[in-house]
Amino acid sequence: MRTSLFSRRTIRQGAVFAAGSAKIKLMLACCLLLTLIAFSGRTPSFIGWNQYAAPLSRSSLPRRGYTLLINTWKRNDLLKQSISHYASCPGLDSVHIVWSEPDPPSESLIKFLNHAIKLNSKDAREIELKFDINKEDSLNNRFKEIKDLKSDVVFSIDDDIIFPCTTVELAFSVWQSAPDTMVGFVPRVHWLDKSTGNQDMYVYSGWWSVWWTGTYSIILSKASFFHKKYLSMYTYEMPSSIREYVTNNRNCEDIAMSFLVANATGAPPIWVKGNIFEIGSTGISSLGGHNERRTHCVNWFAGEYGRMPLVSTSVKAVDSRFCWFW
């Protein structure tokens, strides 16, 4: 009798264990399958920017494009690489290079860039290439008014950053839905400086503060879309003291543009999530005391405006086709 009961109990326990084991295996299989699906959706980002994602259909492309406004300084190799890539983006209408070097661009450089644009542009499009020559070296040069722009919007970019064309086109479409605001890929944030007890003192914070809090109030102009009217406003309407500050300190022209747009709109910028490929060496942001200098800029500019125009937000634009969670 005891042997029979023990046998039945053992069989029952074995069945329960087998069922539990099967459930665990099924759950593990599902987790593995979901991981593979998520990874396959992101695999192109490991291959390179030209193969990041499927191209947009022609029917979804805007009828009017944008101008690539690229800032460079004695890095012709990076300039060649960047323009060769962006020439393949379907929304590109023209390229304006902000040139502040003492010597004019060489004929060989101009010839190479024109050839690269012709070689890489899609559908035999005519993409205009122009050098905006400046006599003085100032960070304000990147926002000088350009009277002969072909498009209403500029894509302001540094020469050492590459974004996949699909990401650029996504940001362009976001800008089209809010053409008065600033749309870009590199967010930063300002905070009220509670340590001073002064309600008019602020602190500039970088990427990790944005990542931790999910809040931002600044989009850096090193990778952003904005209306061409802001070039004119930066040159002629923004307080001249701010331009002088930028020239003297060789910093914060990007923050100055964010202040200008926020002051004009009373609205926050829009951050677009995108993969960034940095092809150059580290810049001034890697130097010691960078955040302190930027904090000084924020407070100086706020004083010149007589208030804090920057508006914080937690909104982020993503391409849901390539995000598992959105």
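Since this is a predicted model, take the numbers as computed values, not measurements.
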Quick one: does any side-chain atom of [X] pair with a main-chain N or O of [Y] as donor and acceptor, under 3.5 Å?
X: Asn120; Y: Ala87; value: no
X: Thr313; Y: Val315; value: yes
X: Asn263; Y: Pro309; value: no
X: Arg125; Y: Lys122; value: yes
X: Ser173; Y: Leu170; value: yes
X: Asn141; Y: Ser138; value: yes
X: Thr235; Y: Glu145; value: yes
X: Ser84; Y: Gln81; value: no
X: Thr181; Y: Ala178; value: no
X: Asn248; Y: Val246; value: no

Under a 3.5 Å cutoff, is there a donor and acceptor pairing between the side chains of [X] and [Y]?
X: Ser156; Y: Ser224; result: no
X: Tyr66; Y: Glu169; result: yes
X: Thr247; Y: Asn140; result: yes
X: Thr265; Y: Asp180; result: no
X: Arg294; Y: Asn251; result: yes
X: Ser221; Y: Asp254; result: no

At their closest point, which heavy atom of [X] faces which heavy atom of [Y], and how far apart are they?
X: Phe131; Y: Ile110; value: CE1-CG1, 3.7 Å
X: Thr167; Y: Lys273; value: CG2-O, 4.2 Å
X: Tyr305; Y: Leu260; value: OH-CA, 3.6 Å
X: Phe225; Y: Ala171; value: CE1-CB, 3.7 Å
X: His85; Y: Cys165; value: CE1-SG, 4.0 Å

- Task: Determine whether the aromatic ring centres of Phe277 and Phe163 lie less than 6.0 Å apart.
- Result: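 No; Phe163 has its ring centre 6.0 Å or more from that of Phe277.
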[X] side chain near [Y] side chain, heavy-atom distance below 4.5 Å:
X: Ile70; Y: Val98; value: no
X: Ile270; Y: Ile219; value: no
X: Lys144; Y: Ile146; value: no
X: Ile162; Y: Ser82; value: yes
X: Asp319; Y: Val272; value: no
X: Trp208; Y: Val210; value: no
X: Cys297; Y: Tyr245; value: yes
X: Asp148; Y: Lys130; value: yes

Output the distance between atom [atom1] ([X]) and atom [atom2] ([Y]), rounded to the nearest 0.5 Å.
X: Asn299; Y: Asp200; atom1: CG; atom2: CG; value: 9.0 Å
X: Ile157; Y: Thr72; atom1: CD1; atom2: OG1; value: 12.0 Å
X: Glu128; Y: Leu92; atom1: CD; atom2: CG; value: 10.5 Å
X: Met233; Y: Lys228; atom1: CE; atom2: NZ; value: 14.5 Å
X: Lys222; Y: Asn71; atom1: NZ; atom2: CG; value: 11.5 Å
X: Phe226; Y: Met257; atom1: CZ; atom2: CE; value: 4.0 Å

Identify whether [X] and [Y] are in the same connected component of the hydrophobic contact network (ILVMFWY, side-chain heavy atoms under 4.5 Å).
X: Ile133; Y: Trp73; answer: no
X: Leu109; Y: Ile83; answer: yes
X: Met201; Y: Tyr204; answer: no
X: Ile276; Y: Leu69; answer: yes
X: Ile242; Y: Val261; answer: yes

- Message: Determine whether Val153 and Trp175 satisfy the following criterion, side-chain contact (heavy atoms from CB on, under 4.5 Å), listing intermediate values before the conclusion.
- Response: CA-CA 9 Å; Val153 57; Trp175 176 85; 3.5 Å; yes
Side chains of residues 183-191: which donor-acceptor pairs under 3.5 Å do they make with residues two or more places apart or in other chains?
residue	atom	partner	partner atom	Å
His190	ND1	Ser217	OG	2.7
Trp191	NE1	Ser205	OG	3.4

- Message: So for atom NZ, which belongs to Lys118, do other residues, nucleotides or ligands contribute more than 12 heavy atoms lying within a distance under 6.0 Å?
- Response: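 At most 12 heavy atoms, drawn from other residues, nucleotides or ligands, come within 6.0 Å of this atom.
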- Please step through side-chain contact (heavy atoms from CB on, under 4.5 Å) for the pair Val95 and Thr67, ending with a clear verdict. CA-CA 6 Å; Val95 176; Thr67 294; over 6 Å; no
- Take the angle between the ring planes of Tyr216 and Trp271 and call it parallel below 30°, perpendicular above 60°, tilted in between.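 Geometry flag for Trp271 against Tyr216: perpendicular rings.
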- Item | Plane angle bin for Tyr230 and His227 - parallel if under 30°, tilted between 30 and 60°, otherwise perpendicular |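 Plane angle over 60°, so perpendicular.
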- Item | Those residues that, when tested against Glu304, pass side chain to side chain donor-acceptor pair (under 3.5 Å) (two or more places apart) |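 Glu304: side chain to side chain donor-acceptor pair (under 3.5 Å) contacts with Ser241.
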- Task: Quick one: do Lys316 and Val318 satisfy side-chain contact (heavy atoms from CB on, under 4.5 Å)? Show the steps, please.
- Result: CA-CA 6 Å; Lys316 179 171 66 174; Val318 300; 4.1 Å; yes
- Candidate pair Tyr202 and Asp193, rule side-chain contact (heavy atoms from CB on, under 4.5 Å), full reasoning: CA-CA 5 Å; Tyr202 303 91; Asp193 188 356; 5.7 Å; no
Do NZ/NE/NH1/NH2 and the carboxylate oxygens of [X] and [Y] come within less than 4.0 Å?
X: Asp159; Y: Lys74; value: no
X: Asp93; Y: Lys150; value: no
X: Arg75; Y: Asp160; value: yes

- Taking only residues two or more places apart in sequence or in another chain, which ones pass side chain to side chain contact (heavy atoms under 4.5 Å, CB included) with His115?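 Scan of His115 (side chain to side chain contact (heavy atoms under 4.5 Å, CB included), adjacent residues dropped) gives Leu119.
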